[in-house]
Amino acid sequence: MARYDRAITVFSPDGHLFQVEYALEAVRKGNAAVGVRGTDTIVLGVEKKSTAKLQDSRSVRKIVNLDNHIALACAGLKADARVLINRARIECQSHRLTVEDPVTVEYITRYIAGLQQKYTQSGGVRPFGLSTLIVGFDPYTGIPSLYQTDPSGTFSAWKANATGRNSNSMREFLEKNYKETSGKETVKLAIRALLEVVESGGKNIEVAVMTKDHGLRQLDEAEIDAVVAEIEAEKAAAEAAKKGPPKET
Amino acid sequence: MFGGATLLLYVTGMKFDTSGLESHGLLIGTNNELLSGLSTAPSFDIPSTTDFDGFQKEAIQMVKPAKGTTTLAFIFKEGVMVAADSRASMGGYISSQSVKKIIEINPYMLGTMAGGAADCQFWHRNLGIKCRLHELANKRRISVTGASKLLANILYNYRGMGLSVGTMIAGWDETGPGLYYVDSEGGRLKGMRFSVGSGSPYAYGVLDNGYRYDMSVEEAAELARRSIYHATFRDGASGGVASVYYVGPNGWKKLSGDDVAELHYNYYPVEQTVVEQVMAET
């Protein structure tokens with residue numbers, strides 16, 4: 001076995017880790033992903049590039065379960081995602097085995113972020129090229145959480161966030177329009193954010209909703225289309241209302 | 001070079017992450033280049049002896065009878081009651097009458113000592129460290145379930161190597177009162193009433209007879225005290241002081257520590273009788 005001890009991620013003279021920054025570039029080229037935390041619901045949405053006709057779309061799930069009460073969506077290199085997700089799933093079960101308790105969202109986020117950081121400070125490996133959005137409910141208190149990690153290994157909690165392609169516009173939209181929501185309103189907010197950067201339509205976005213009692217549920221195309229139609233109707237009504245009243249003065 | 005477990009991932013695909021089962025903090029986190037790709041099971045210096053298997057059996061046999069003690073714990077309506085004697089014996093010699101057999105792991109969790117005193121003290125202290133680290137990392141206290149599981153996993157790793165530990169972990173966590181029995185064979189049991197040690201059969205007799213779930217703290221303390229007293233009365237390896245601790249929602253509190261000889265005269269006061277006076281005259 002050759003000795004993999006030569007570091008690839010090294011500091012530049014002005015204090016940058018270029019490999020990590022290039023990894024962030026890879027993330028920026030990945031598909032858009034958004035997460036919104038409501039009071040009793042958490043929604044993850046991901047842009048879906050049109051699947052090839054012969055491809056079985058069920059095998060390209062972009063929003064996955066880490067455990068019954070935790071889900072993850074990511075943007076960036078999909079192959080790296082698979083490896084990271086598998087490690088996280090094992091850690092979830094390992095935690096259940098050693099302390100007879102499901103993981104908290106914060107714990108598994110810390111684990112994933114720790115893993116991403118380890119690969120920026122080890123010989124012979126490159127950083128993972130993905131940012132993740134991790135959502136879930138605390139197993140005891142039932143409080144919903146949304147966390148984001150990135151290739152450098154940092155993580156933080158968010159009320160709503162976006163990553164991947166055009167994430168800046170989505171985040172701006174969320175900052176302008178975020179308010180405490182629950183149930184269907186949370187789903188609408190997430191889809192509205194995605195529609196800012198994605199072509200409209202149920203076949204271009206994948207949405208999953210997590211609730212405390214029912215775990216993760218993927219919305220099917222028809223449901224997404226229904227919500228999209230509602231959103232468009234609301235937009236049209238808002239436009240009409242803007243043009244209407246001034247004529248009376 | 002990062003830890004062996006992750007390197008194996010590149011070679012064989014998936015390796016079950018056993019870091020949670022690692023026995024002591026010394027090995028976790030050390031990026032040992034010498035390990036390069038081999039399993040990260042903890043490694044120990046093997047004693048240099050001609051008869052390795054037989055040597056271990058001798059060590060175990062020497063330590064086996066030494067669970068000379070009486071400890072008990074039970075859950076009731078108000079929390080957990082924990083009690084123990086304080087005698088240490090080496091064969092027929094009483095080496096101490098004032099051993100602390102109830103170990104304070106942290107302000108809301110207690111462990112009892114039966115078996116090897118050194119083993120119990122060391123591993124309980126180690127457990128206390130692990131519990132504290134868990135608190136710092138997760139910003140919440142560890143559950144009694146989790147703490148007992150950590151200890152049981154450690155002891156399982158050393159199974160067959162001569163550790164002698166028969167302990168009960170009692171505490172109060174988010175889910176209420178918790179009581180687990182953990183031993184050096186690797187066993188771990190959840191329960192409402194336990195007694196461990198050479199005096200346990202006697203203690204069980206009194207405890208099982210007098211137990212009711214809805215007792216007050218005073219009644220439960222008296223039951224615990226009486227059970228320990230009766231065990232020390234009949235078992236030669238138990239004696240000294242009967243300590244009683246109570247674990248409630250705000251943590252543990254020591255309720256009493258009574259010399260069992262004095263307790264005897266409390267329960268069975270001496271009465272002057274005619275017969276004794278006659279004996280005195282001759």
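Counting heavy atoms of neighbouring residues, nucleotides and ligands inside a 6.0 Å radius, atom NZ of K78(A) exceeds 12 of them. Within a 6.0 Å sphere centred on OH of Y156(B), heavy atoms belonging to other residues, nucleotides or ligands number 12 at most. Residue R96(A) places its CZ atom among more than 12 non-hydrogen atoms of other residues, nucleotides or ligands, all under 6.0 Å distant. Other residues, nucleotides and ligands contribute at most 12 non-hydrogen atoms within 6.0 Å of the NE2 atom of H214(A). Within 6.0 Å of the CZ atom in R125(B), the count of heavy atoms belonging to other residues, nucleotides or ligands does not exceed 12.
Using a 4.5 Å heavy-atom threshold, the side chains of E174(B) and T141(A) count as separate. Counting heavy atoms from C-beta on, the side chains of N153(B) and T98(A) come closer than 4.5 Å.
Interface remark: T175(B) contributes side-chain atoms only to the contact with chain A (heavy atom separation under 4.5 Å). Looking at A137(B), both its backbone and its side chain come within 4.5 Å of chain A, counting heavy atoms on both sides.
Within the structure, salt bridge (charged side-chain N to carboxylate O under 4.0 Å, His left out) contacts touching residues 134-160 of chain A (residues at least two apart or in different chains) are D138(A)-R140(B).
Here R110(A) is the residue among E106(A), Q121(A), R110(A) with the most heavy-atom pairs under 4.5 Å with chain B. For chain B, the option among D101(A), T104(A), V99(A) with the highest count of heavy-atom pairs below 4.5 Å is V99(A).
Salt-bridge annotation for E100(A) and R188(B): present, with a side-chain N of the basic residue lying under 4.0 Å from a carboxylate O of the acidic one.
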